[in-house]
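In what follows, a structure is listed as structure tokens, so that the remarks can point back to it.
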Amino acid sequence: SSGINAEYGGRSAPTLRHCVTSLCLPHTQPQFSRATKSDNALSLLCSNMTKLEYQMSAEDIKTLDTIRLKGNPALAIITLETKKCTASITTQVPKDAIPAESNALTEFKNLAFSESDYQNAPCIVVFTYDTTNKISGAERQVIGCCKWVPDTCSAMKRMVYTSAWNSIKSELTKAHFNSNNMFEISDWDDMEDKIERL
């Protein structure tokens, strides 16, 4: 025994239990790779972000209400400021600025396909859309609100806008928008499909 202890520098020699434990632990404890740690950190960050409530200024809420009541501006684009946890209207297109052969949705489509604008960047879009009642045939204007998150934008941006969407919808209801006209899209096929249902 003294010889064995001397071999371990005066420390007690490992018991059978110690040996079994040392053999089993590497197999029973989860072995996290660098990618797994990164995924775990991203999931944790996302879970924290879902608790954040993005808010809009009273002035922007008033602008949204004007869109609902008067259809002007015809298009408004909202972006998020993550550090301040705010959502702000950063682009407005007045009704009289839209060509006669165009509409608010077409104007946003031009921005959505522009690399310098929203081809690779998410945003919240509020737009007017003239349509026909499928039952009565009467013409009407509806207000659509969508979360535009293209597949080409970064995972972090997708996560931010996805986690903020519920609080943004709450802000939009302050302007008395119809929640049934709020939807999420990632490409233009999605947009056309949702528009058919308005």
Side-chain angles (χ1 to χ4, degrees), residues 36-93 104-105 107-109 111-114 117-129 131 140-198:
T36 305
K37 289 181 179 178
S38 176
D39 291 342
N40 288 346
L42 193 62
S43 298
L44 179 60
L45 183 59
C46 187
S47 66
N48 289 334
M49 282 185 174
T50 58
K51 301 175 184 178
L52 299 178
E53 295 292 328
Y54 283 79
Q55 296 184 331
M56 301 185 70
S57 68
E59 181 180 355
D60 280 349
I61 295 294
K62 185 176 180 180
T63 298
L64 294 176
D65 200 36
T66 303
I67 295 175
R68 180 183 65 86
L69 295 172
K70 301 180 179 179
N72 195 32
L75 174 67
I77 296 178
I78 301 167
T79 55
L80 304 181
E81 174 55 64
T82 55
K83 291 182 180 180
K84 297 180 181 179
C85 210
T86 58
S88 305
I89 296 176
T90 51
T91 302
Q92 296 184 46
V93 180
L105 202 55
E107 294 302 305
F108 175 66
K109 184 177 182 179
L111 296 173
F113 280 81
S114 170
D117 292 300
Y118 297 101
Q119 183 177 5
N120 304 305
C123 62
I124 310 297
V125 187
V126 178
F127 59 91
T128 60
Y129 183 70
T131 185
R140 65 191 182 104
Q141 185 178 82
V142 297
I143 307 297
C145 311
C146 72
K147 172 172 70 73
W148 168 257
V149 182
D151 294 332
T152 52
C153 71
S154 69
M156 178 60 75
K157 288 182 179 179
R158 287 200 303 271
M159 183 179 66
V160 167
Y161 275 74
T162 298
S163 64
W165 180 229
N166 283 336
S167 62
I168 294 300
K169 288 192 291 184
S170 296
E171 291 297 284
L172 293 172
T173 57
K174 292 180 182 179
H176 308 290
F177 283 0
N178 186 345
S179 60
N180 292 328
N181 293 345
M182 301 178 190
F183 50 89
E184 305 172 62
I185 57 174
S186 59
D187 58 45
W188 206 254
D189 287 339
D190 282 348
M191 175 68 89
E192 292 177 344
D193 181 59
K194 295 297 194 301
I195 288 297
E196 288 295 320
R197 304 179 189 182
L198 290 180

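These figures come from a predicted structure and were not determined experimentally.
Side-chain contact between T128 and L75: absent, with no pair of heavy atoms (C-beta onward) separated by less than 4.5 Å. L69 places none of its side-chain heavy atoms less than 4.5 Å from the side chain of H176. At a threshold of 4.5 Å between non-hydrogen side-chain atoms, the residues L172 and C145 count as touching. Side chains of I89 and L64 form a contact here, defined as non-hydrogen atoms less than 4.5 Å apart. Under the 4.5 Å side-chain criterion, counting only non-hydrogen atoms from C-beta, T131 is in contact with V142. With a 4.5 Å cut-off on side-chain heavy atoms, T173 and M182 count as touching. A heavy-atom distance below 4.5 Å is not found between the side chains of W165 and V160. Two residues are said to be in side-chain contact when any heavy atoms from C-beta on lie closer than 4.5 Å; P122 and C153 meet this criterion.
A donor-acceptor pair is defined here as one N or O able to donate and one able to accept, closer than 3.5 Å; such a pair exists between the side chain of S167 and the backbone of Y54. Looking at Y161, its side chain does come within 3.5 Å of a backbone N or O of L80 through a donor-acceptor pair.
Taking the six-membered ring for Trp and the full ring otherwise, W148 and F108 have centroids separated by under 6.0 Å.
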Q: Take R68 and D65 through the salt bridge (charged side-chain N to carboxylate O under 4.0 Å, His left out) test and state the conclusion after the steps.
A: CA-CA 5 Å; R68 180 183 65 86; D65 200 36; 2.8 Å; yes
Q: For the pair N181 and I143, evaluate side chain to side chain contact (heavy atoms under 4.5 Å, CB included) and give the outcome as yes or no after the intermediate values.
A: CA-CA 7 Å; N181 293 345; I143 307 297; 5.7 Å; no
Q: Would you please test Y129 and Q141 for side chain to side chain contact (heavy atoms under 4.5 Å, CB included) and show each step?
A: CA-CA 6 Å; Y129 183 70; Q141 185 178 82; over 6 Å; no
Q: Check step by step if side chain to side chain contact (heavy atoms under 4.5 Å, CB included) holds for M56 and I78.
A: CA-CA 9 Å; M56 301 185 70; I78 301 167; 3.7 Å; yes
**Q.** Evaluation steps, side chain to side chain contact (heavy atoms under 4.5 Å, CB included), between V93 and F127
**A.** CA-CA 9 Å; V93 180; F127 59 91; over 6 Å; no
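Within 6.0 Å of atom CD in E59, 12 or fewer heavy atoms from other residues, nucleotides or ligands are found, so the atom counts as exposed in its surroundings.
Atoms CD1 and OG1, from I124 and T90 in turn, are 10.5 Å apart once rounded to the nearest 0.5 Å. Between the CG atom of D151 and the OG atom of S186 there is a distance of 4.5 Å, given to the nearest 0.5 Å. Taking OG of S163 as the reference point, atom CE of M159 lies at 6.5 Å (rounded to 0.5 Å).
Evaluation of the salt bridge (charged side-chain N to carboxylate O under 4.0 Å, His left out) rule for D117 yields no partner, not counting sequence neighbours.
Closest heavy-atom contact between D60 and A87: OD2-O, 4.1 Å. L105 and W188 make their closest contact through O-CH2, 3.7 Å (heavy atoms, listed as atom of the first residue, atom of the second, distance). Summarising the geometry of P73 relative to I67, their closest heavy-atom pair is O-CG1, 3.3 Å, with the distance given to 0.1 Å. Shown here for Q119 and T152, the closest heavy-atom pair between the two residues is O-OG1, 2.9 Å.
Legend: salt bridge (charged side-chain N to carboxylate O under 4.0 Å, His left out) pairs involving residues 158-180, not counting sequence neighbours, sorted by first then second residue: E171-K174. For residues 179-192, the salt bridge (charged side-chain N to carboxylate O under 4.0 Å, His left out) pairs, not counting sequence neighbours, are K147-E184.
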